[in-house]
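Contents: one structure, followed by commentary.
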Amino acid sequence: MKFSDDLFDVNDNLAFASVFGVFCGIASALASVYSFEAAYIFLAILIGNLIALKVDGMHHIITLIIFIVILLVGGIPDLSLVVLLICILAALSDEIGHELISKVTQNKFLNLFFEYRFVMKIVILLLAVCGVFDFWIFLCFILFEISYETAGILFESFN
C-alpha cells in the first residue's frame, strides 16, 4: 500500500496507485481469509484508517472494494469483537499519533514511536504473548512493517 499511497500523493498517478492498491487488496484479503490473525490485523488497519479519515483517494476506494469482495466471497473467519476492538484502537492510535504527535511535542522518543507506528506492534506482541495470536504472526507482522518502510525508502530513491 505504501507504493500506492506515494504514487498517488507524490506523483499524482492514479493508474499505478490503483494497480498497487489492487495487489494490496488481494494480498490482504487472501491472508485474512486464510488466517484469523491476519483478519484481525488487516480489518483493524482498514477500520482504523477509515475512522482516522485516511481513506482519501480513489486508489484507496478501489483497494477497499477488492478487499471486501474477496472477504465476502472467501469468508471472514470468526472473530472476537473484543480482540478486534483492541486491534482497531491500536491501529487508530497509530494513525492519529503519526499525524499529530510531532505537532504537539519535540520529544524524540514519542516522535519515533508514532512515526513508525509502534502501538500496533506492541499490541500484536502482547496478543502473541497472551496466546491469542501465534508468535509467528507477530514475526510476520514485523516483516510486513519492515516491507512497508522499505517500500517508502525505495520509492524515495527512485522518485
Show me, pair by pair, the donor-acceptor contacts under 3.5 angstrom made by side chains of residues 56-76, not counting sequence neighbours?
from	atom 1	to	atom 2	distance (Å)
Asp56	OD1	His60	ND1	3.1
His59	NE2	Asp5	OD1	3.4
His60	ND1	Lys54	O	3.3
His60	ND1	Asp56	N	3.0
His60	NE2	Asp5	OD1	2.6
Thr63	OG1	Gly21	O	3.1
Thr63	OG1	His59	O	2.8

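- In the hydrophobic clustering of this structure, Phe36 groups with Ile124; members are Ile, Leu, Val, Met, Phe, Trp, Tyr whose side-chain heavy atoms approach within less than 4.5 Å, directly or through other members.
- Checked against ring-ring contact (aromatic ring centres under 6.0 Å, His included), Phe155 has no partners two or more places apart in sequence or in another chain.
- Following chains of ILVMFWY side-chain contacts shorter than 4.5 Å, one cannot reach Leu14 starting from Phe20, and the two form parts of different hydrophobic clusters.
- Looking at residues two or more places apart in sequence or on another chain, you find a ring-ring contact (aromatic ring centres under 6.0 Å, His included) between Phe109 and Phe113.
- Residue Lys103 holds its NZ atom at 12.0 Å from CG of Asn111, rounded to the nearest 0.5 Å.
- When hydrophobic clusters are built by joining Ile, Leu, Val, Met, Phe, Trp and Tyr residues whose side-chain heavy atoms come closer than 4.5 Å, directly or via intermediates, Ile47 is not grouped with Leu81.
- Interatomic distance, Ser102 OG to Asn107 CG, rounded to the nearest 0.5 Å: 12.0 Å.
- For the atom pair OG (Ser93) and CE (Met120), the distance works out to 10.0 Å, reported to the nearest 0.5 Å.
- Summarising the geometry of Ala38 relative to Ser32, their closest heavy-atom pair is O-OG, 3.6 Å, with the distance given to 0.1 Å.
- The structure places CD1 of Ile45 at 11.0 Å from CD1 of Ile88, a figure rounded to the nearest 0.5 Å.
- Shortest non-hydrogen contact noted between Tyr40 and Ser80 is OH-N, 2.6 Å.
- Using a distance-only test at 3.5 Å, with no hydrogens or angles considered, a donor-acceptor pair links the side chain of Asp94 to the main chain of Val119.
- Contacts of Glu145 classified as salt bridge (charged side-chain N to carboxylate O under 4.0 Å, His left out), with partners at least two apart in sequence or in another chain: Lys121.
- Using a 4.5 Å heavy-atom threshold, the side chains of Ser28 and Leu46 count as separate.
- Leu85 is not connected to Leu126 by any chain of hydrophobic side-chain contacts under 4.5 Å among Ile, Leu, Val, Met, Phe, Trp and Tyr, and they are in different clusters.
- Partners of Lys2 according to the side chain to side chain contact (heavy atoms under 4.5 Å, CB included) rule, which considers only residues two or more places apart in sequence or in another chain, are Asp6, Tyr148, Ala151.
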For residues 135-143, dump all side-chain donor-acceptor pairs below 3.5 Å to protein atoms at least two apart in sequence or in another chain.
none

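- Follow the hydrophobic side-chain contacts under 4.5 Å out from Leu100 and you never reach Leu53; the two are in separate clusters.
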*asked:* For a side-chain contact (heavy atoms from CB on, under 4.5 Å) check, start with the C-alpha distance between Val19 and Leu7, then their side-chain angles and the critical distance, and finish with the verdict.
replied: CA-CA 10 Å; Val19 168; Leu7 284 167; over 6 Å; no
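- Of the possible donor and acceptor atoms, none in the side chain of Glu95 sits under 3.5 Å from a partner among the backbone N and O of Gly48.
- In this structure, Phe16 CZ and Asn11 CG are separated by 10.5 Å, a value rounded to the nearest 0.5 Å.
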